[in-house]
Amino acid sequence: MTIYLNQYMRASGFQQHNGHGYLRLPEGQRPTAPFISRDYLDLYNTHTWSYHDDELIGLGNSAISQVANHTVMNDENRVTYVKNLLENDDVKINVTVGDGIPYERGIILHLPYFGWLDESRIATWAGSGTPT
């Protein structure tokens with residue numbers, strides 16, 4: 001099924017971008033390899049594979065939220081998540097606190113999905129271990 005869908009999308013004028021999405025090529029443009037375009041936009045990935053200073057707030061069961069060095073994961077079981085929310089007005093969560101703010105997030109997550117970085121959003125170190 002995946003092979004058929006891939007062939008169909010390409011025959012319809014789309015080019016696969018980053019292995020997870022497709023982008024319609026401008027009229028007359030032929031597919032190229034490797035293909036990287038700043039026109040590619042997937043809102044989920046834009047927020048999920050973001051930079052260190054972006055906050056990600058997840059809603060629903062199994063949702064993950066990330067704020068600074070805190071990661072919060074909601075109850076992974078949909079049935080107990082909904083039951084606790086409706087009956088107890090409560091949600092079970094798991095909170096993890098990292099050793100520090102994940103400054104590398106923009107490089108290791110954003111770059112592979114989008115193929116480019118906003119250099120001004122990447123923290124640099126001046127030898128002291130402190131981002132500047």
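Numbers for residues simply follow the sequence, beginning at 1.
To the nearest 0.5 Å, atom CG of residue Leu85 and atom OG1 of residue Thr80 are 11.0 Å apart. Interatomic distance, CG of Asn6 versus CZ of Phe14, reported as 12.5 Å (0.5 Å rounding). Here the straight-line distance linking atom OG of Ser65 with atom CG of Leu56 works out to 6.0 Å at 0.5 Å rounding.
Under the 4.5 Å side-chain heavy-atom criterion for grouping Ile, Leu, Val, Met, Phe, Trp and Tyr, Val91 is connected to Leu86 within one hydrophobic cluster.
Taking a 6.0 Å sphere around CG of Asp89, one finds it holds 12 or fewer heavy atoms contributed by other residues, nucleotides or ligands.
Judged purely by atom type and a 3.5 angstrom limit, Asn61 has no side-chain atom pairing as donor or acceptor with the backbone of Asn77. Between the side chain of Arg78 and the main chain of Ser62, no donor-acceptor pair closer than 3.5 Å is present. Of the possible polar contacts, one joining the Asp118 side chain to the Ser120 backbone as a donor-acceptor pair under 3.5 Å is found.
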Kindly indicate, with the supporting measurements, whether the criterion side chain to side chain contact (heavy atoms under 4.5 Å, CB included) is fulfilled by Ile93 and Val95.
-> CA-CA 6 Å; Ile93 63 170; Val95 178; 3.7 Å; yes
Audit row: Thr96, His70, side chain to side chain contact (heavy atoms under 4.5 Å, CB included) steps and yes/no | CA-CA 6 Å; Thr96 305; His70 293 78; over 6 Å; no
Could you go through the side chain to side chain contact (heavy atoms under 4.5 Å, CB included) check for Glu55 and Gln66 one step at a time?
-> CA-CA 6 Å; Glu55 295 177 350; Gln66 291 181 320; over 6 Å; no
Does the side chain to side chain contact (heavy atoms under 4.5 Å, CB included) test come out yes or no for Asn94 and Glu76, once each step is laid out?
-> CA-CA 10 Å; Asn94 181 23; Glu76 65 279 354; over 6 Å; no
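Between Val97 and Asn69 the shortest side-chain heavy-atom distance falls below 4.5 Å.
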